[in-house]
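Everything on this sheet refers to the single structure shown next.
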Number of protein chains: 4
Amino acid sequence: MASKARVNIGVIGTGRIGKLHAGHIASRVSGAALVAVADINLAAAQATAAQFHVPVAVADYRGLLDDPAIDAVVIASATDTHAEIAQQTAAAGKHIFCEKPIDFDLRRIDATLAAVQKAGVKFQVGFNRRFDPNFRRVREMAAAGKLGAPHLLRITSRDPAPPPLEYVKVSGGIFLDMTIHDFDMARYLMGGEVTEVYAAGAVLVDPAIGEAGDLDTAVTTLRFDTGAIGTIDNSRRAVYGYDQRVEVFGPGGVVAVSNNTPDTHVYSDAEGVHSARPLYFFLERYTESYIAELQAFVACLRDDTPPPVTGLDGRIPVVMGLAAQKSYRENRPVRLDEIKA
Amino acid sequence: MASKARVNIGVIGTGRIGKLHAGHIASRVSGAALVAVADINLAAAQATAAQFHVPVAVADYRGLLDDPAIDAVVIASATDTHAEIAQQTAAAGKHIFCEKPIDFDLRRIDATLAAVQKAGVKFQVGFNRRFDPNFRRVREMAAAGKLGAPHLLRITSRDPAPPPLEYVKVSGGIFLDMTIHDFDMARYLMGGEVTEVYAAGAVLVDPAIGEAGDLDTAVTTLRFDTGAIGTIDNSRRAVYGYDQRVEVFGPGGVVAVSNNTPDTHVYSDAEGVHSARPLYFFLERYTESYIAELQAFVACLRDDTPPPVTGLDGRIPVVMGLAAQKSYRENRPVRLDEIKA
Amino acid sequence: MASKARVNIGVIGTGRIGKLHAGHIASRVSGAALVAVADINLAAAQATAAQFHVPVAVADYRGLLDDPAIDAVVIASATDTHAEIAQQTAAAGKHIFCEKPIDFDLRRIDATLAAVQKAGVKFQVGFNRRFDPNFRRVREMAAAGKLGAPHLLRITSRDPAPPPLEYVKVSGGIFLDMTIHDFDMARYLMGGEVTEVYAAGAVLVDPAIGEAGDLDTAVTTLRFDTGAIGTIDNSRRAVYGYDQRVEVFGPGGVVAVSNNTPDTHVYSDAEGVHSARPLYFFLERYTESYIAELQAFVACLRDDTPPPVTGLDGRIPVVMGLAAQKSYRENRPVRLDEIKA
Amino acid sequence: MASKARVNIGVIGTGRIGKLHAGHIASRVSGAALVAVADINLAAAQATAAQFHVPVAVADYRGLLDDPAIDAVVIASATDTHAEIAQQTAAAGKHIFCEKPIDFDLRRIDATLAAVQKAGVKFQVGFNRRFDPNFRRVREMAAAGKLGAPHLLRITSRDPAPPPLEYVKVSGGIFLDMTIHDFDMARYLMGGEVTEVYAAGAVLVDPAIGEAGDLDTAVTTLRFDTGAIGTIDNSRRAVYGYDQRVEVFGPGGVVAVSNNTPDTHVYSDAEGVHSARPLYFFLERYTESYIAELQAFVACLRDDTPPPVTGLDGRIPVVMGLAAQKSYRENRPVRLDEIKA
């Protein structure tokens, strides 16, 4: 790749996140070109293609895999199609950027990672929050030893509003759909592996979520191989907006990051002192990190370096999610090595 | 009491906390007078008496119980003497302000509460943090319905430095010595009862603490009867000072309080933006709340109202601490009703 | 004085500020005793005496000057009586703590300072804000060279509500009544002298203040002998409470202090993020600094050291105030050396 | 214009700011295309053209004015060429986005505005800070009446480092080069006109700036036609980075905005509590506002609405700058109506 002037990318799946990636590749990611889009809903593919002036729009993603002009694909289709598409893409010799989660099933994940390895293509998983300046700064300070070996991790991760019930039903559940980002963040920030989880959950936001078999509130305790302890608290509805904070504490100090806001205004009146709410949701909050993760993907293709988020990085949070599910069901701490493919 | 101009108080135990209370009664608590002090170390009692111009200093606290001029006593002696002294004080018909914990043994606690009830005296437990303006504000906002029925509670409670090892050995362990304040805070803020705890602990600060049979780092998950979930994280050593924060989250919003600092300065230089560390430890941080709890005690005597922190409020955090100990030992969630007197 | 166990203090004038000082001396200032109070309104003197258990209450302050048991007096009477009382007190050989301003007339100030010098008594002026931890921290950082030689000073000083019109009429005007504190703060923080002022003023809060011949809004530019430039902005009414901030900027960095609040709560709801207003007014905001200035006064008597706020420190802000008045009237910068006694 | 799919823009001047605009038009401003660049240094024009894949690069800007495919030009050449180029552009019937200042000479400004009016083209001045979310929020809150009629305005505007001396010499001086942005901001935020200014200045950062006939530190007091008073403090060197804060105070409250930072991290260690410095300088701080001002320019062309920053908005801050210069030289307040074209 290093000799190529430009990486040609196709996007598979033009739902919300696929369209987002398509737009970024088209105009914000340097050294890349959006050359094709695919969606089983052809009209959706065509609309996205029109919006970003892309010549190729197809219903069958295999059209992209057959196209020699395409260097890499972004897989942003429904989760249950990731594994199969990724395996075929690998077989076609094209590099892969795959949205999280790779799959809910460890065997299918392992088959995917094996296919990738066999084909020798690059495979990056879409844990975009690793590319956020706040979290990156925490990671850098931890990695630089400013905290010493961490003792405690706290993650607060709350959505402004629950997804539609139809989505909840196929989401894999809160731990695999929502907490999975925090599981990845925990590994990223702590530079260590989780050995055991204990998950407490509740349905407090909306009974319909419980009726759909899911939780909307959860607190997960993480035990790390270093002895450190972490907690993640999740809610599907924070009325004040998207709440995305982390804190890492160690013998050298503590570093915390708070929410981003649209502006820094502080207004004081007879009632109190008032400032802006956090940015509403992930599209507003993580815009730049979505661009940065694709920029990093393009860089690893051009420089032939390992992707910054590997297939294993995609697998482990799924194991953590499965362990959290089991912990919640059995109301006991569950070791990660209890979860087998 | 209502007709009395002044409440005469004796202090039993003139260690650090007893001396603190003595000084406050002598000069900062209105409507009260410090009239006697007792300490098994007579010289210590005499020194405190001299410092605060108190006429009576004795080695045997029973001297105070026999003194008809004394209306109430503050019990600030060693924890294992609280129950016996309290029972004798009740029998002597004097009101009691008892430092936390009442005892580590539930049967002795229950005997004490029974003695108090039989005697008809007032009994207040020294959970001073309830009188801190920060936590009080959280409680008031929660009680006023600004959050809705709470979903999540987060307490961060970290000491600047571990106590001496000699103290650690007789402290009852981190859950009964340190987390007990946070257990009380959890009940105070949430207005509900905890039904189950899960405690993860570690020795990360100082191996000697582990050798003494204790932990120095702990994360406790609380399940409330309302369905809400809480976490408490503790460390015995935060290099940046005493870290005392809470956050309550509900459907109506979230309220959080941060640390108090000696001043509000913000200094920006070529390296960054710098501000003051939190106040060092509980003596600096909670000065005013120690005064306020005694003022409230005096008020309940003068107005013949119930004490703001009752004997039951003193008992329940001990149950929570015993459950946390058991949870840590057995690495499983423990219901509070598993803990029997 | 150094040999005395206790400094006996009488308070002259038992209005709001005199009563405040009396209470502090009675119970919060160590090494001092409140032994007498005087007020031309005898009933007021007696009420204050009763409140603080003081044996002596007189209408004529000369009763205090004749009392050999009294070491020092606090002069908190009406401003136009300060000079005469201070001169008589000095003649009686007693030390003086004098509320600001010493007087509005420079000749009377100079006569007072001469009398003090002749008598060899201590004389401290009540610029209490110098004893506030925030401002003290700024001063210490500036003095320690953390900023380099300062270039810019910004002071924001706004009251929550204007004083009664009756007070406005005898107050000496906004520059001598309100800004005078900021003039002192400017000298204290910058460690240099002001050579010229330019005052812009307006009546924007209440036309009645303008009808009484005063301003309610003012911005004063200060030129320092070091070349540094400062600004002070004042308003008689900030609906959000007492606004007391300063900022000093130099080649090494900038240090700023913000307002103090009753608690640290931050509440986020669907409307925004909300926190506490500043403490309401000077009694709430500067409680501790009023105690600290008297403690420092007692210390300088006991240790025979110079008072921390001298007579000259009391004189110069009056010169600045007179220059600001002249600047406003003539709408031009006025040098301090234009103001003659 | 409303019927056109795309606004074709040429950029004249490819120095730092011209290149910035060129890049934004090429990829970040929707509905616009960068079709040509001009620079008297042809190589510079060609380099910019190559970077952004622009077909046309010329040395003589008149090449752009003759090109019928070009709808509008961005004038980002040296300040002393703005007026002439703008007048020729207007004569050529093309719309104009002109960097600030239009000119230092009021007669040339007036000739330019007359030419624009005669030609009936749109003319927008590059006061980009009006498009910053922070300042925009302050303006919106003021305009919405949240503050009442403003009483006080405070602007802090400090650069991280002085420009090169060669630039200083042709910059027009601090008031016309640096404070001019703050003069515009004052009008924008207060919704009123300034009638008089008083400027205090100093050379405290670098004597060489003084030797070049300029100041590096300045405090300007503004009197508004509403009676409100404002101050602007400027420094050419803040070691902690670009300091861009404003505050508007009125009877209804106060609103302030603080600096933007690269991340929200807060690090506490044994020394204190530390966070990120402000973004370094205007390129980092105002990136989005540079895009937004061009987006607004394109919108006013497409919708045929008035530009959001008019020629008069470009003229008045120059008058203010000239008045500030005169005020500094004569050390007296100067009314704006003293400044004649």
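Computed from heavy atoms alone, side chains included, the values below leave out hydrogens, waters and symmetry copies. Letters A, B, ... are given to chains in the order of the sequence lines, protein chains preceding strands, and every chain is numbered from 1.
Both the backbone and the side chain of Arg154(A) have a heavy atom closer than 4.5 Å to some heavy atom of chain B. Contacts between Val254(A) and chain B at a heavy-atom distance below 4.5 Å involve backbone atoms as well as side-chain atoms. Residue Asn234(A) touches chain B through its backbone alone, counting heavy-atom pairs closer than 4.5 Å.
Contact of the Glu196(A) side chain with the Asn331(B) side chain is registered, since non-hydrogen atoms from C-beta on lie closer than 4.5 Å.
Between Glu247(B) and Arg158(A) there is a salt bridge, since at least one side-chain N of the basic residue sits less than 4.0 Å from a carboxylate O of the acidic one.
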Determine whether Val205(B) and His151(A) satisfy the following criterion, side-chain contact (heavy atoms from CB on, under 4.5 Å), listing intermediate values before the conclusion.
CA-CA 9 Å; Val205(B) 169; His151(A) 292 177; 4.1 Å; yes
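Every pair tested for ring-ring contact (aromatic ring centres under 6.0 Å, His included) that includes a residue from residues 322-341 of chain B fails, sequence neighbours excluded, so the list is empty.
In this structure, CD1 in Ile229(A) is found 11.5 Å from OG1 in Thr231(B), a value given to the nearest 0.5 Å. Summarising the geometry, atom CZ belonging to Phe249(B) is positioned 8.0 Å from atom CG belonging to Asp233(A); distances are rounded to the nearest 0.5 Å. Residue Thr226(B) holds its OG1 atom at 7.5 Å from CG of Leu204(A), rounded to the nearest 0.5 Å.
In terms of heavy-atom pairs under 4.5 Å with chain B, the best-connected choice from Gly227(A), Pro333(A), Gly253(A), Ala200(A) is Pro333(A). When each of Gly201(B), Ala149(B), Ala202(B) is checked for heavy-atom pairs under 4.5 Å with chain A, Gly201(B) comes out on top.
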